[in-house]
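In what follows, a single structure is set out as structure tokens and then discussed.
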Amino acid sequence: MTKELFELVKGMDLKAAETQIALRCAPLIAGLKVSNLLIVLNEQAGRVLDIFRHTEIVCFILFRGEDKTAMLLYRFDPLLRDLNQPQAVQILHQCGYKQKSLEELLYEFSSRYAAYMHGRAEFPHEIGLFLGYPPEDVDGFIVNGGKNPLYIGYWKVYQNAQEKIKLFQQFDAAKEKMIRLYSSLLFTA
């Protein structure tokens, strides 16, 4: 992040749903990513739902804690397509998923995520599949225990590093554009 961009972010209310969306969800909004995890203060969760109500981005509440709510924001068809890739299906099967529909998969995942958040289970590393990470990188992470990636960007990369570095650069550009746009709206209103 450039110094100029950092200064723009410093002038924003970091607790506001709109700010968190601009900072965390730009690749999803730009259509570069199929889904995104967004964690906001509980009092901001309703605002997030309102913002995406009449869009093609679906908000699924994974977990609501004492102070914060974790939401999976996603585009239905692209996420379903990604989760139906043979390698993704295989990983999910190895992790114990039996369900077939996207809704069933999401409810099973949210149950596992909640168990982790309550300290009753290990972290569900299959989260990467629900976040649209390539199955080869999710598998690489699981097999290697998170060690020995070729590159670390928006996720740990285990294959096709150059291709993913270019994608991460696109994510960064989308994020910068979103922050600038949101900042201009804030300071011209």
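This chain uses plain numbering: 1 for the first residue, then up along the sequence.
D137 and Y151 are not linked by any side-chain donor-acceptor pair at a separation below 3.5 angstrom, with hydrogens and angles left out of the test. Using modelled atom types, one finds a donor on one side chain and an acceptor on the other under 3.5 Å when comparing E126 with Y97.
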(request) Would you please test L28 and R75 for side chain to side chain contact (heavy atoms under 4.5 Å, CB included) and show each step? (result) CA-CA 8 Å; L28 169 66; R75 295 177 193 276; 4.1 Å; yes
(message) For a side chain to side chain contact (heavy atoms under 4.5 Å, CB included) check, start with the C-alpha distance between L129 and I91, then their side-chain angles and the critical distance, and finish with the verdict.
(response) CA-CA 9 Å; L129 296 173; I91 293 167; 3.7 Å; yes
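Linking Ile, Leu, Val, Met, Phe, Trp and Tyr residues whenever their side-chain heavy atoms come within less than 4.5 Å places F123 and L105 in a single cluster. Both I127 and L80 are part of a single hydrophobic cluster, where members link through side-chain heavy atoms under 4.5 Å apart. Both V58 and F130 are members of a single hydrophobic cluster when ILVMFWY side chains are connected at heavy-atom separations under 4.5 Å. When hydrophobic clusters are built by joining Ile, Leu, Val, Met, Phe, Trp and Tyr residues whose side-chain heavy atoms come closer than 4.5 Å, directly or via intermediates, L49 is not grouped with L106. Under the 4.5 Å side-chain heavy-atom criterion for Ile, Leu, Val, Met, Phe, Trp and Tyr, I179 and F171 are members of distinct hydrophobic clusters.
In this structure, the side chain of N36 does not engage the main chain of P27 through any donor-acceptor pair within 3.5 Å. No donor-acceptor pair closer than 3.5 Å links the side chain of K156 to the backbone N or O of P149. The backbone N or O of R180 sits nowhere less than 3.5 Å from a side-chain atom of S183 that would complete a donor-acceptor pair.
K33 NZ to Y154 OH: the interatomic distance, rounded to the nearest 0.5 Å, is 9.5 Å. Between the CD atom in E18 and the CD atom in Q20 there is a gap of 10.5 Å [rounded to 0.5 Å]. How far CD of E136 is from CZ of F141: 15.0 Å, rounded to the nearest 0.5 Å. Expressed to the nearest 0.5 Å, how far CD1 of I29 lies from NZ of K175 amounts to 12.5 Å. Atom CG in L37 sits 4.5 Å away from atom CD1 in I39 (nearest 0.5 Å). Rounded to the nearest 0.5 Å, atoms OH (Y74) and CG (L102) are 5.0 Å apart.
In this view, D77 satisfies the side chain to side chain contact (heavy atoms under 4.5 Å, CB included) rule with no residue, not counting sequence neighbours. A search for side chain to side chain contact (heavy atoms under 4.5 Å, CB included) contacts involving N144 returns N148, Y158, not counting sequence neighbours. With sequence neighbours left out, E103 forms a side chain to side chain contact (heavy atoms under 4.5 Å, CB included) with S101, Y107.
A17 approaches V48 most closely through the heavy-atom pair CB-CG2, 3.7 Å. For the pair L79 and S35, the tightest heavy-atom approach, listed with the atom from each and the gap, is CD1-OG, 4.3 Å. In terms of heavy atoms, A30 sits closest to A174 at CB-CB, 4.0 Å.
Taking Ile, Leu, Val, Met, Phe, Trp and Tyr as hydrophobic and joining them when side-chain heavy atoms fall under 4.5 Å apart, one finds I152 isolated, its cluster having no other members.
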All N/O donor-acceptor pairs, side-chain side in residues 59-72, below 3.5 Å, sequence neighbours left out:
unit_1: R64; atom_1: NH1; unit_2: T69; atom_2: OG1; d: 3.3
unit_1: T69; atom_1: OG1; unit_2: N42; atom_2: OD1; d: 2.6

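Side-chain contact between V89 and L83 is absent, with no heavy-atom pair separated by less than 4.5 Å. Using a 4.5 Å heavy-atom threshold, the side chains of L73 and C25 count as touching. Using a 4.5 Å heavy-atom threshold, the side chains of R47 and Q44 count as touching. The shortest distance between side-chain heavy atoms of V40 and K15 does not fall below 4.5 Å.
Using a 4.0 Å cut-off between a side-chain N of Lys or Arg and a carboxylate O of Asp or Glu, D50 and R53 qualify as a salt bridge.
The aromatic rings of F168 and W155 lie perpendicular to each other, with more than 60° between the two planes, well past the 30° mark.
Pairs passing the side-chain hydrogen bond (donor to acceptor under 3.5 Å, both in side chains) check and including a residue from residues 111-121, sequence neighbours excluded, read E108-R112.
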